Amino acid sequence: MSADELARREFWAGLREVTQARIGLGRAGNALPTRDVLELSAAHAAARDAVHVPLDVPRLAADVGALGIGAPAVVTSQASTRGEYLRRPDLGRLPADLSAVPGAPADIGVVLADGLSPTALMHHGALLLEALIAELGSAYTLAAPVIATQARVALGDHIAMRGQYTTLLVIIGERPGLSVADSLGIYLTHRPRPGCSDADRNCISNIHPPDGLGYRDAARIAASLVAGARALGRSGVDLKDTSRGGALEAGAGPAPEIR
């Protein structure tokens, strides 16, 4: 190996330590090295599986029910199949039937939605909810959680109206990519109602420890946003995260996207 080639590899190796992106892959003739092509194909397959593998609702319901804030209700959107869900985002925002959701007013309601990565919800959903309960449970009343399938974020507004929640947290599987297939987001809406827009929400994204945001830090940011929304009387573009004056816990991964 030449000195130039060694220097090039060392340069890219340093950058790879701070990103999951595929950078500096090199060449094998006029193509990528075989190993990198195979890794890319495997990542693409994992991303496709994350979208299409159905949520294991009984297992998730058992994990969530064991957290002590009530047995979860299960609802679905008007998208009857996964294919229809992907083709018709509008149907994923509308409930098929909300009769399973009790009308029990609470400060905070939590919806666990499969979104575009049911895999992410299976990997992280119950553990993230556990962290949220630890952070919020002593200060607010928490409604029994709701599991939503074939769900978009706005489906939570209908659930919240039925359940009479003051503030809604939708934990949802984010769109998988070729670097991460199991990332979760939390969408916060204060005084949720059908017709809310993205401007009425705040989002904490990139939740997928150990490489992304950790559960405790995500819960701490969510608690800060909940307190801010209640003080301000609204969420969305006017609400800013003020929780990160200090460093996030060691090893929490890259900073979350807050919007």
Side-chain angles (χ1 to χ4, degrees), residues 14-23 39 42-51 53 55-57 59-69 72 108 110-138 142 145 147-148 151 153 156 169-188 201-227 241-259:
L15 290 179
R16 288 193 192 100
E17 292 180 359
V18 296
T19 180
Q20 293 175 286
R22 289 173 172 78
I23 57 174
E39 288 179 352
H44 184 254
R48 287 179 58 87
D49 286 347
V51 173
V53 171
L55 186 69
D56 187 343
V57 174
R59 179 181 154 199
L60 181 62
D63 291 343
V64 168
L67 297 178
I69 61 170
I108 298 174
V110 180
V111 174
L112 298 103
D114 54 2
L116 288 168
S117 180
T119 297
L121 193 61
M122 290 304 305
H123 286 180
H124 305 296
L127 293 170
L128 177 56
L129 179 57
E130 184 177 29
L132 287 167
I133 293 170
E135 193 72 36
L136 298 167
S138 61
L142 305 180
I147 296 172
V153 172
L169 299 178
V170 176
I171 299 171
I172 192 166
E174 296 184 309
R175 181 181 293 107
L178 296 178
S179 297
V180 180
D182 66 342
S183 180
L184 283 181
I186 300 174
Y187 284 81
L188 179 149
R201 313 186 200 281
N202 296 84
C203 175
I204 308 166
S205 67
N206 199 39
I207 306 168
H208 57 97
D211 298 313
L213 185 65
Y215 308 129
R216 288 174 57 195
D217 281 319
R220 182 167 59 82
I221 295 168
S224 175
L225 289 171
V226 168
D241 171 38
T242 60
S243 67
R244 294 182 293 163
L248 296 177
E249 68 183 55
E257 180 182 355
I258 310 292
R259 58 181 186 266

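Note that the structure is a prediction, hence the values are computed from the model and not measured.
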Measure the shortest side-chain to side-chain distance between Leu129 and Pro145 over non-hydrogen atoms and say whether it is less than 4.5 angstrom. yes
Using side-chain heavy atoms (C-beta onward) and a distance below 4.5 Å, is Val53 in contact with Pro118? no
Would Leu136 and Leu169 count as a side chain to side chain contact (heavy atoms under 4.5 Å, CB included) if you check the C-alpha gap in whole Å, the side-chain angles of each, and the deciding distance to 0.1 Å? CA-CA 12 Å; Leu136 298 167; Leu169 299 178; 3.9 Å; yes
Over all atoms of both residues, closest heavy-atom pair of [X] and [Y]:
X	Y	value
Arg216	Ala131	N-CB, 4.2 Å
Ala47	Pro176	O-CG, 3.5 Å
Cys203	Tyr187	SG-CZ, 3.5 Å
Gly156	Val170	CA-CG2, 4.2 Å
Ala126	Val64	CB-CG2, 4.4 Å
Asp241	Ser224	OD1-OG, 3.9 Å

Rounded to the nearest 0.5 Å, what separates atom [atom1] in [X] from atom [atom2] in [Y]?
X	Y	atom1	atom2	answer
Arg48	His44	CZ	NE2	5.5 Å
Leu55	Leu121	CG	CG	5.5 Å
Ile172	Ile186	CD1	CD1	12.0 Å
Leu184	Ser117	CG	OG	7.5 Å
Asn202	Ile221	CG	CD1	11.5 Å
Ile204	Leu188	CD1	CG	7.0 Å

Under the criterion side chain to side chain contact (heavy atoms under 4.5 Å, CB included), I'd like the reasoning laid out for Leu132 against Leu142: C-alpha separation, chi angles, the key distance, then a yes or no. CA-CA 10 Å; Leu132 287 167; Leu142 305 180; over 6 Å; no
Between the side chain of Glu130 and the main-chain N/O of Leu67, is any donor-acceptor distance below 3.5 Å? no
When you measure from the side chain of Asn206 to the backbone N and O of Ser183, does any donor-acceptor pair fall under 3.5 Å? no
My understanding is that only residues two or more places apart in sequence, or in another chain, count here; which of them pass side-chain contact (heavy atoms from CB on, under 4.5 Å) with Asp182? Thr119, Ala120, His123, His124, Val180, His208
Kindly indicate, with the supporting measurements, whether the criterion side chain to side chain contact (heavy atoms under 4.5 Å, CB included) is fulfilled by Val110 and Ile69. CA-CA 11 Å; Val110 180; Ile69 61 170; 5.7 Å; no
From CA spacing to verdict: side chain to side chain contact (heavy atoms under 4.5 Å, CB included), Leu60, Asp56: CA-CA 6 Å; Leu60 181 62; Asp56 187 343; 6.0 Å; no
